[in-house]
Amino acid sequence: MQIGRIIGTLVATRKHERLVGSKIQIVQPLDLKGESPQGDPLVAVDAVGAGVGERVILVRGSSARRAVDDDQCPVDATIVGIIDHIDIDERQL
């Protein structure tokens, strides 16, 4: 799993049949504190109804397909949670 922040929404009128009805978001991966950007933004299917600006939990690869209950779905990133709070013991980093 990975932490990210939704930075935009993607609308595709024409898309693979297994993606019809899916909300698609643009997510900026973040560090473990959920503060600093890490890497390039990516496109993810939203399985939880998150909104722009929210910090979210992402899964990628086969876990992303399982999260949408369809192993044949052409998805490699899925949003599976909306983060309420992150608490890290700074001494452990």
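Counting all heavy atoms, side chain and backbone alike, P29 lies closest to P41 at CD-CA, 4.0 Å. Residues D46 and V48 share a closest heavy-atom pair of OD1-N, 2.9 Å. The nearest pair of heavy atoms linking V56 to I83 is O-CD1, 3.5 Å. Across Q28 and G39, no two heavy atoms sit closer than the pair NE2-O, 2.8 Å.
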Could you give the side-chain donor-acceptor pairs of residues 4-11 under 3.5 Å, partners two or more places apart or in another chain?
{"from": "R5", "atom 1": "NH1", "to": "G53", "atom 2": "O", "distance (Å)": "2.8"}
{"from": "T9", "atom 1": "OG1", "to": "Q25", "atom 2": "OE1", "distance (Å)": "3.0"}

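D84 pairs by the side chain to side chain contact (heavy atoms under 4.5 Å, CB included) definition with nothing, not counting sequence neighbours. With sequence neighbours excluded, the residues that form a side chain to side chain contact (heavy atoms under 4.5 Å, CB included) with A67 are V59, T78, V80.
By the 4.5 Å heavy-atom criterion applied to side chains, V27 and L58 are counted as neighbours. Between I82 and R55 there is no side-chain heavy-atom pair separated by less than 4.5 Å. Taking 4.5 Å as the limit, every side-chain heavy atom of K23 sits out of range of all side-chain heavy atoms of I79.
Each salt bridge (Lys or Arg N to Asp or Glu O under 4.0 Å) pair with one or both residues in residues 9-20, not counting sequence neighbours, appears once here: R18-D70. Under the side chain to side chain donor-acceptor pair (under 3.5 Å) criterion, no residue pair touches residues 35-44, with sequence neighbours excluded.
Ion pairing of K33 with D31 is absent here, as no side-chain N (NZ or NE/NH1/NH2) approaches a carboxylate O to less than 4.0 Å.
Connection of M1 to L42 is not established within any shared hydrophobic cluster, with ILVMFWY side chains joined at heavy-atom distances below 4.5 Å, either directly or through further cluster members.
Not a single donor-acceptor pair under 3.5 Å links the side chain of Q72 to the backbone N or O of R65.
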